[in-house]
Each structure stands twice: as structure tokens, then as C-alpha cells.
*Asks:* 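Input: one structure, supplied below.
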Amino acid sequence: MSRERQAVERARKAFLTGRSKPLDYRIGQLKSLQRFVVERQKDISDALKKDLNKSKLGTPLYETLGLEGEILLAVNKLAEWAAPRPVEKNLLTLSDQVFIQPEPLGVVLIIGAWNYPWAVTIQPLIGAIAAGNAAVVKPSEVSAHTSKVMEELLPLYLDKEMYPVVTGGVPETQELLKQRFDHIFYTGNSTVGKLVMEAASRHLTPVTLELGGKSPCYIDKDCDITIACRRITWGKYTNCGQTCIAPDYILSPTVLRDVKPDAKVMQEEIFGPLLPIITVSGVDDAIRFINEREKPLALYVFSQDNKTSSGGVLANDCLVHFSVSALPFGGVGNSGMGSYHGKFGFDQLSHLRGCLIKKLGMEGVNQMRYPPHTAKKLDWARFFILKQVDVARVGRMAMLALLAVIAAVVLQVRIKKNNRALHANCVQ
Ligand code: NAD
């Protein structure tokens, strides 16, 4: 049996013990992950230095501080996120308990990319742990030193059966993709994203695809060009332009350099320190240009207007929407599907189970659904299904009283009918 298959089977076995379900366990694991990030900061930044030549201060700034924030949030909010979520009832379910119960999905596969190897690999893991899942973590082989640190050190902190780290390249990832998972969370380019989705479809496994693309940046002539240039330059050249949400090209009434829309640089994500600038005649021309292309991961607008589609939109700045846990982070169309960060990560890796708990009483109200179907019953059904009543405003007790009256009337009609039938039988 392959190493990859063994890891998945071990994780499934651990999940089936049920130990990842109690909130205490999840919080314990999240706190251990937090300890790992703090205690192993040097191992993390040394690996990043070797992999990507990232600076010592850049490591907390762009990789681990965000993780710590997400862990703290999950620890503090977990009880709230995991609690049953009551939903609005209709007339038919007024006396029932109707709620959404987040449940763990099972075993999640997390496939990370190399450009922010800690942020994009561990952040989905936080969501997976918080949601009560097991997770197989597959860091990118391109950031090999980081991958090794994860493989060697994470098991010292986390439940190693529940959260195994599998290292390797394309063959190992493909072997993993042959296995059955309950969710696959992939970060990387769109070409591999399609392969991941294809593999997932064999088991009808849902996927989250965090992809990239060409994030446009529109500068209107009314904006403060000095500030816009400073913020765009920071957004573009952070991590050497290798950021999934880096502004990819600029649409500017100010002509700096003309780039033809069909130039090669405008066909694929650049993912490097090049910033083409395209001249447009105004906002409508810019919108048309953006909408003619694949849906990007982010859209930057240094102006007031927004009539386009993208994973996220940010006005008058770059990248910082990634840092807001209260916003869903994710793509649309060619830039991906699904979202995460904060509660969105928890929900993404949970099964949001719809629950309705009925009592055995109030059977009168149910008469309308049992055969024989009559015009009268259809009238009652129409009333119950189509009547929009603001239950909160009318008051629950008043509505229950109304229901009881309706149930009694329906029941009485039924009893009278039965009695008549009985009487007729006796006379015969
Ligand atoms: P990568 O080369 O590290 O690949 C990502 C993962 O895919 C790796 O774990 C790798 O093993 C696996 N993989 C590669 N080829 C495969 C194949 N043929 N079959 C199965 N698995 C395979 O990363 P990358 O794709 O070069 O990453 C850069 C891209 O990721 C850019 O497009 C960037 O925009 C995007 N990205 C997106 C986000 C986001 O949050 N949306 C974050 C970071 C990067």
C-alpha cells in the first residue's frame, strides 16, 4: 500500500473514533498549532529563507501573524460557530425545532502552493480542525524546506494520526487524489485546479479551489495618484509580484506605457515583478475590458465605480482585504470556487445540516397531507404554505394558539366525518 494511501486510511480511522468532534479537542489542537507557530518561528523563517529568500521580519508579517490571528479567532468563536443556528420557521413548522447544525465533513485533503507556503497551507488546516475534521496536509514540493519542517515538526504538536503531513511532488499528489476524501481544498494555478476537480469528481468530493488569475487595477483620473502609485507598487512588488491577489495590470487614463490588449503579457497571470499599463478612454472602457476576460481573483479600483465581477473587490488599496477574517476570501469562475478565512473557513469545511425536530402531537394539522386529497385540504395546504406571517412580530405564543385552533377545527371536521360514516354503517 502506498504511503499516501496509508496516511489517508490512518486519518479516516482516527476520524471514525469520533475524537475530533468534541469542541475541547478542537480547541486543544488549535492551541497546539498556535504553540507550534510561536515556538518554531525560527525553523519556519529559516526554511522560508532557504526556499524563497524571505526576510526574517517578512515571515511574521506575511505568513504567520495572520495564522495566529485566525487561530485566536477560531478558539474564541468556536462555541458560537459550532452551535445550532435557529432559522425562520413557517406556519407548518411553528411548533417544531428548526435549525442548522454544522457537522464535520470527514477527511479533508489540503494541497498547498509554494508562494506563501505557510499561509495557504496552514490556514485551511485551521478551518479543518475547527470544523472537527481530519485532514491530510500536502505542502508544495517547490518550497521543499518548508515542506520538511511541516513534515517533521507538526506531528510533535498535533494529533499525528488525525492530521498527517504527506510530502512529495506531482506523483505523490496524484496518488493522494486517487483516494476518497470528503473535501479537497486546493491552492495553486487554474490548470492543476481543473485536474484536482476532475479527480474529485470520481468520488463526488466537493472542492474548494483557491486559484489565481489576472487581477485588474483601475485608476480613475480623479484619484490621488501619488497615494495610488505607492499602494499599487507595494501590492505588486510584495513577494516579488508572486502574490495571487497582486494587481496584475493597470488600466490608467494616465499614459505611462502602452500595452496592447492582445500582447502575451495580457494572456496569462504574470506572477512576477512586471506591471503592464493599459490606456482606456474611461470607466466604461475599463469595465468592458475587464468583463471581456476571465473572472479575476481580486479587483482593485482607485475610484468610486464598481460594475464588474471578481473574487473580491478592494477600493483604493491592494491586498489588505486578505487580512480581514470577516470577509470571505475566494475566487469566482476562473479564479476558483468556495471561500475561507474566519467563519467562512469553518462553514466551508462543515456540512451545514438542516434539522427539523417534530413532536408527535398536533396531528390535526397534518390531516391535510394524508389521502384522500380533497379540494378543502388543498385550500388548507395553500394557506399554510403560501401565507407569509412574520412569526417574530405576531408572537410565537399567539401563532401557536392559532395553530392549535386550526388543528382542533381540522380534527373536529375529521371526527364528525368519521362519526357520520360509522352511523351510516350501523344503519345499514
Ligand atoms: P505549486 O507548483 O506549488 O502547485 C500547487 C500544488 O499542486 C502543489 O502541492 C503541487 O504538488 C500540486 N501539483 C502541481 N502539479 C500537479 C499535477 N499535475 N497534478 C497534481 N498536483 C499537482 O503552485 P503553483 O500552482 O505554481 O502556485 C501558483 C499559483 O497559485 C498562482 O496562479 C497563484 O495565483 C495561485 N495562488 C492562489 C492563492 C489563493 O489563495 N487563491 C494563493 C497562492 C497562490
Side-chain angles (χ1 to χ4, degrees), residues 4 48 51-52 54 62-63 66-67 70 109-127 136-148 150-151 165-179 181 184-200 202 207-216 235-236 238-249 267-272 294-299 310-312 319 321-324 327-341 344-345 348:
E4 292 74 25
L48 277 173
D51 283 332
L52 301 169
K54 286 201 184 183
Y62 293 112
E63 294 265 9
L67 293 178
E70 284 272 318
L109 171 62
I110 296 169
I111 305 175
W114 59 270
N115 60 327
Y116 290 91
W118 289 94
V120 303
T121 313
I122 300 301
Q123 192 136 331
L125 179 62
I126 296 168
V136 176
V137 181
K138 160 62 188 66
S140 172
E141 69 279 18
V142 180
S143 43
H145 295 90
T146 294
S147 193
K148 202 166 160 47
M150 277 189 207
E151 185 184 30
V165 178
V166 175
T167 55
V170 174
E172 287 77 8
T173 317
Q174 286 182 347
E175 182 60 27
L176 278 173
L177 287 170
K178 285 186 198 148
Q179 313 306 317
F181 289 95
I184 298 177
F185 196 113
Y186 166 79
T187 302
N189 66 72
S190 307
T191 308
V192 176
K194 288 174 192 162
L195 298 177
V196 169
M197 197 164 171
E198 200 179 317
R202 284 196 281 275
V207 291
T208 304
L209 300 178
E210 293 290 341
L211 312 176
K214 296 183 80 62
S215 298
K236 178 68 187 184
T238 291
N239 215 37
C240 256
Q242 290 166 333
T243 302
C244 55
I245 44 175
D248 196 275
Y249 60 95
Q267 305 312 311
E268 282 172 17
E269 181 182 4
I270 295 169
F271 221 55
E294 295 283 9
K295 294 182 181 185
L297 184 56
L299 168 66
S310 65
L319 312 189
H321 61 303
F322 185 89
S323 67
V324 184
L327 288 177
F329 181 82
V332 58
N334 202 55
S335 54
M337 61 186 71
S339 61
Y340 71 139
H341 288 195
F344 298 98
Q348 181 78 127

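Keep in mind that what you see is a predicted model, and the values were worked out from it rather than measured. Start at 1 and go down the list; that is how both ligands and their atoms are numbered. Below, all heavy atoms of this structure are taken into account, side chains as well, without hydrogens, waters or symmetry copies.
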*Asks:* Heavy-atom distances under 4.0 Å are what count here, so tell me which part of Thr173 touches ligand 1: side chain, backbone, both or neither.
*Replies:*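 Just the side chain.
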
*Asks:* Where on Asn189 is there a heavy atom closer than 4.0 Å to ligand 1, on the side chain, on the backbone, on both, or on neither?
*Replies:* both

*Asks:* To the nearest 0.5 Å, how far apart are CG in Leu67 and CH2 in Trp118?
*Replies:* 9.0 Å

*Asks:* Once you round to the nearest 0.5 Å, how far does OG1 of Thr173 lie from OH of Tyr186?
*Replies:* 9.0 Å

*Asks:* Kindly assign one of parallel, tilted or perpendicular to the pair Phe329 and His341, based on the angle between their ring planes and the thresholds 30° and 60°.
*Replies:*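 Ring orientation of Phe329 relative to His341: parallel.
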
*Asks:* Report, in ascending order of atom number, the atoms of ligand 1 lying under 4.0 Å from any heavy atom of Ile111.
*Replies:*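 Near Ile111, the atoms of ligand 1 are 6 (C), 7 (O), 9 (O).
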
*Asks:* Got the closest protein heavy atom to atom 31 (C) of ligand 1, with its distance?
*Replies:* Glu269 OE1, 3.5 Å

*Asks:* Is the shortest N/O to N/O distance between Gln174 and ligand 1 below 3.5 Å?
*Replies:*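 By distance alone, the answer is yes.
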
*Asks:* Would you check if Ser147 and Pro117 make a side-chain contact, meaning some heavy-atom pair closer than 4.5 Å?
*Replies:*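 In short, these two side chains do not touch, never coming nearer than 4.5 Å.
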
*Asks:* Do me a favour and list the nearest non-hydrogen protein atom to atom 39 (C) of ligand 1 with residue, atom name and distance?
*Replies:* Cys244 SG, 3.3 Å

*Asks:* Is Glu172 touching ligand 1 with its side chain, its backbone, both, or neither, if touching means heavy atoms under 4.0 Å apart?
*Replies:*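 Neither; nothing of Glu172 gets under 4.0 Å from ligand 1.
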
*Asks:* Any idea which protein heavy atom is nearest atom 43 (C) of ligand 1, and the distance to it?
*Replies:*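 Nearest protein contact, heavy atoms only, for atom 43 (C) of ligand 1 is Asn115 OD1, 3.1 Å.
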
*Asks:* Roughly how far apart are Gln179 CD and Leu109 CG, rounded to 0.5 Å?
*Replies:*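 The CD atom of Gln179 sits 10.0 Å away from the CG atom of Leu109.
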
*Asks:* Is the shortest heavy-atom distance from the side chain of Asn115 to the side chain of Phe271 under 4.5 Å?
*Replies:*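 Heavy-atom side-chain distance check passes, below 4.5 Å.
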
*Asks:* Please check this pair: side chain of Asn334 against backbone of Glu294, looking for a donor-acceptor N/O pair closer than 3.5 Å.
*Replies:*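 No, Asn334 side chain to Glu294 backbone: no donor-acceptor pair under 3.5 Å.
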
*Asks:* What is the nearest protein non-hydrogen atom to atom 22 (C) of ligand 1, stated with its residue, atom name and distance?
*Replies:* Val192 CG1, 3.5 Å

*Asks:* Looking at Leu195, which atoms of ligand 1 are within less than 4.0 Å of one of its heavy atoms?
*Replies:* 18 (N)

*Asks:* Quick test: of every protein heavy atom, which one is nearest to atom 17 (C) of ligand 1, and how far off is it to 0.1 Å?
*Replies:* Val170 CG1, 3.6 Å

*Asks:* Within 4.0 Å of atom 3 (O) of ligand 1 (strictly less), any protein heavy atom?
*Replies:*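 So atom 3 (O) of ligand 1 has protein heavy-atom neighbours under 4.0 Å.
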
*Asks:* So which protein heavy atom does atom 26 (O) of ligand 1 come closest to, and at what separation?
*Replies:*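 Looking only at protein heavy atoms, the one closest to atom 26 (O) of ligand 1 is Trp114 NE1, 3.0 Å.
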
*Asks:* Provide the number and element of each atom of ligand 1 under 4.0 Å from a heavy atom of Leu297.
*Replies:* 41 (N)

*Asks:* About how many Å separate CD of Gln123 and CD of Glu70, when rounded to the nearest 0.5 Å?
*Replies:*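 So the CD of Glu70 and the CD of Gln123 are separated by 4.0 Å.
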
*Asks:* List ligand 1 atoms under 4.0 Å from Val120, heavy atoms only on the residue side.
*Replies:* 42 (C), 43 (C)

*Asks:* Can you measure from CG (Leu176) to CZ (Phe181) and round to the nearest 0.5 angstrom?
*Replies:*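 So the gap between those two atoms works out to 5.0 Å.
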
*Asks:* Taking both backbone and side-chain atoms of Gly112, is any N or O found less than 3.5 Å from an N or O belonging to ligand 1?
*Replies:*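 Right, the criterion is met.
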
*Asks:* Less than 4.5 Å apart, any side-chain heavy atom of Met150 and any of Thr167?
*Replies:*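 No, their side chains stay 4.5 Å or more apart.
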
*Asks:* With heavy-atom distances below 4.0 Å as the criterion, list the atoms of ligand 1 near Ser140.
*Replies:* 1 (P), 3 (O), 9 (O)

*Asks:* Give me the nearest non-hydrogen protein atom to atom 40 (O) of ligand 1 as residue plus atom name, then the distance to 0.1 Å.
*Replies:*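 Residue, atom and distance for the closest contact: Phe329 CE2, 3.4 Å.
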
*Asks:* Show which atoms of ligand 1 fall inside a sub-4.0 Å distance from at least one heavy-atom site of Phe271.
*Replies:* 28 (C), 31 (C), 33 (C), 34 (O)

*Asks:* Is the shortest distance from a heavy atom of Tyr116 to ligand 1 less than 4.0 Å?
*Replies:* no

*Asks:* Starting from atom 7 (O) of ligand 1, locate the nearest protein heavy atom and write down its residue, its atom name and how far away it is, to 0.1 Å.
*Replies:* Tyr186 CE1, 3.4 Å

*Asks:* Side chains of Leu209 and Lys194, heavy atoms from C-beta outward: is any pair under 4.5 Å?
*Replies:*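 With C-beta onward as the side chain, the pair stays apart.
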
*Asks:* Do other residues, nucleotides or ligands put more than 12 heavy atoms under 6.0 Å from Glu268 CD?
*Replies:*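 No.
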
*Asks:* What's the separation between atom CD in Gln348 and atom CE in Met337, rounded to the nearest 0.5 Å?
*Replies:* 10.5 Å

*Asks:* Does the distance from a Lys or Arg side-chain N to an Asp or Glu carboxylate O, for Glu175 and Lys178, drop under 4.0 Å?
*Replies:*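 A salt bridge is present here (some side-chain N lies under 4.0 Å from a carboxylate O).
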
*Asks:* Would Leu211 count as a polar contact of ligand 1, with the cut-off being nitrogen or oxygen pairs under 3.5 Å?
*Replies:*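 Between Leu211 and ligand 1 (N or O atoms, distance only) the closest approach is under 3.5 Å.
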
*Asks:* Taking distance alone, with no angle check, do Gly188 and ligand 1 share an N/O pair under 3.5 Å?
*Replies:* yes

